[in-house]
Amino acid sequence: TARIRIGIAGYGNLGRGVEAAITHSPDLELVAVFSRRDPASVTLLNAEVPVLPLAQVADYTDAIDVMILCGGSKSDLPEQGPQLAALFNTVDSFDTHARIPEYFDTLDAPARAAGKVAMLSGGWDPGLFSLNRLFGEAILPRGETYTFWGKGLSQGHSDAVRRVPGVKAGVQYTLPAQDAIERVRRGEQPQLSTREKHQRECYVVLEDGADADQVRNAIVTMPDYFADYDTTVHIIDDATLAAEHSKMPHGGFVIRSGLSGESTRQIMEFSLALDSNPEFTSSVLVAYARAVYRLQQSGQCGAYTVFDIAPGLLSPKSAAQLRKELL
Ligand code: NDP
């Protein structure tokens, strides 16, 4: 059977991850990468795949079955999502949680008008974590859901650290508080404050002549970003930063602590430990691209989230094969 033809819109960390994931999916084929930058300046893992100007994407509607949108959630997807949903089946990882309902609406209308499927907010959070929060609530309606993140590199908090005067370079990790996780796993259902759930750890390289204590103080007291957390600042050198802090790890836990029957304790837990956040997120998007294609082939259209897509559609295996092997 013919392979599903995939396009990538935007080639950053996720774009690269999608390219890599398709290489390991024999039923999918990467047709082209579209970028706003000069195509000559964008180097793919596989030099045989063409890089094309995003401005010309409308010429390729017949050549691509699903476009995977790899732009940033802040300003790329709100603009590109609705435009591309009018032309292609799409999948994206929009992760501004508070804006997902309004983003859904901006995709639903153009996708319906075009008879296409637009899947938004795939990935792990939102995405696989959202599914597990739903399972927890639906199965154990009497209970509490806890989401812990980390250990993970936070892009936004790393940027904030780098803007502190005297900081030359740096990264920030979010860590789940182990004692809080243990209390939840024991079924205590604690009310946890921001400070009790997560800690923050910064690794910074100082500019020549910068005062370490001043930098430390500026970071740990920064409102919104660090003031509400217990934050540790480690001063390191360029070589250590390059050697030990150039990966993008992330992950976390979704735990539902609930009761069944009279007062029978039940704990559900889903966890991820990711060496590369973007490569994993991309792998989720690629599996959903397969599902989106099948949905549209079966006559569906409009905006979809992880809640609306049957899990069997993610697999390259047939429903009969899945019943035999995995049920
Ligand atoms: P990047 O910043 O690496 O890429 C975003 C866009 O920036 C690209 O599509 C690309 O567009 C452009 N770009 C990339 N590299 C360069 C460069 N060197 N110079 C100029 N422009 C460049 O973001 P990520 O791929 O890491 O993440 C994308 C989004 O994924 C994030 O905003 C986040 O919201 C989301 N995400 C979601 C997760 C989830 O679980 N749902 C998890 C992780 C991330 P172009 O090629 O057109 O220039």
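Each ligand, and each atom within it, is numbered from 1 in the order the structure gives.
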Tyr173: what forms a ring-ring contact (aromatic ring centres under 6.0 Å, His included) with it, not counting sequence neighbours? Tyr203, His245
Atoms of ligand 1 close to Ser35 [distance to a heavy atom under 4.0 angstrom, numbered from 1]: 45 (P), 46 (O), 47 (O), 48 (O)
Under 4.0 Å from atom 36 (N) of ligand 1, is there any protein heavy atom? yes
Any non-hydrogen atom of Gly15 lying under 4.0 Å from ligand 1? no
Show the atoms of ligand 1 that are less than 4.0 angstrom away from any heavy atom in Asp76. 6 (C)
The side chain to side chain donor-acceptor pair (under 3.5 Å) partner of Gln172 among His157, Arg162, Arg200 is Arg200
Quick check against the 3.5 Å criterion: does Arg142 have a side-chain atom that pairs as donor or acceptor with the backbone of Gly261? yes
With backbone taken as N, CA, C and O and side chain as the heavy atoms from C-beta onward, which portion of Asp125 lies under 4.0 Å from ligand 1: side chain, backbone, both, or neither? backbone
Just checking, is any N or O donor in the side chain of Asp95 or Ser73 under 3.5 Å from an acceptor N or O on the other one? yes
Record the part of Pro126 in heavy-atom contact with ligand 1 below 4.0 Å; permitted values are side chain, backbone, both and neither. both
Under 4.0 Å to a heavy atom of Trp124 - the qualifying atoms of ligand 1, by number: 39 (C), 40 (O), 42 (C)
Using the salt bridge (charged side-chain N to carboxylate O under 4.0 Å, His left out) rule, take Arg133 and Asp125 through it: C-alpha gap first, then chi angles, then the decisive distance, then the call. CA-CA 10 Å; Arg133 287 188 284 260; Asp125 197 358; 2.8 Å; yes
Please determine if Ser73 has a nitrogen or oxygen closer than 3.5 Å to a nitrogen or oxygen of ligand 1. yes
Is it the case that ligand 1 has an N or O less than 3.5 angstrom from some N or O of Leu14? yes
Going by distance only, is there an N or O of Cys70 that falls short of 3.5 Å from an N or O of ligand 1? yes
Are Phe34 and Tyr60 an aromatic pair by the rule of ring centers under 6.0 Å? yes
Flag for Gln296-Asn89: side-chain donor and acceptor within less than 3.5 Å: yes
Give a yes/no verdict on whether any heavy atom in Gly17 is under 4.0 Å from an atom of ligand 1. no
Sequence-distant partners of Glu144, side chain to side chain donor-acceptor pair (under 3.5 Å), two or more places apart: none
Does Pro278 have a heavy atom less than 4.0 Å from any atom of ligand 1? no
How far apart are the C-alpha atoms of Glu196 and Ser193, what are their side-chain angles, what is the distance that settles it, and do they pass the side-chain hydrogen bond (donor to acceptor under 3.5 Å, both in side chains) test? CA-CA 5 Å; Glu196 286 171 319; Ser193 67; 3.3 Å; yes
Is it the side chain (CB and beyond), the backbone, both or neither of Val42 that lies under 4.0 Å from ligand 1, heavy atoms counted? neither
Quick one: look up the protein heavy atom nearest atom 42 (C) of ligand 1 and list residue, atom name and how far away it is. Thr281 OG1, 3.2 Å
Nearest neighbour of atom 13 (N) of ligand 1 from the list Gln155, Lys74, Arg37, on a heavy-atom basis: Arg37
For the aromatic rings, using the six-membered ring if either is Trp, is the centroid distance between His250 and Trp149 under 6.0 Å? no
Is there a nitrogen or oxygen of Phe34 sitting under 3.5 Å from a nitrogen or oxygen of ligand 1? no
Compare His250, Arg36, His97 and give the one whose heavy atom is closest to atom 47 (O) of ligand 1. Arg36
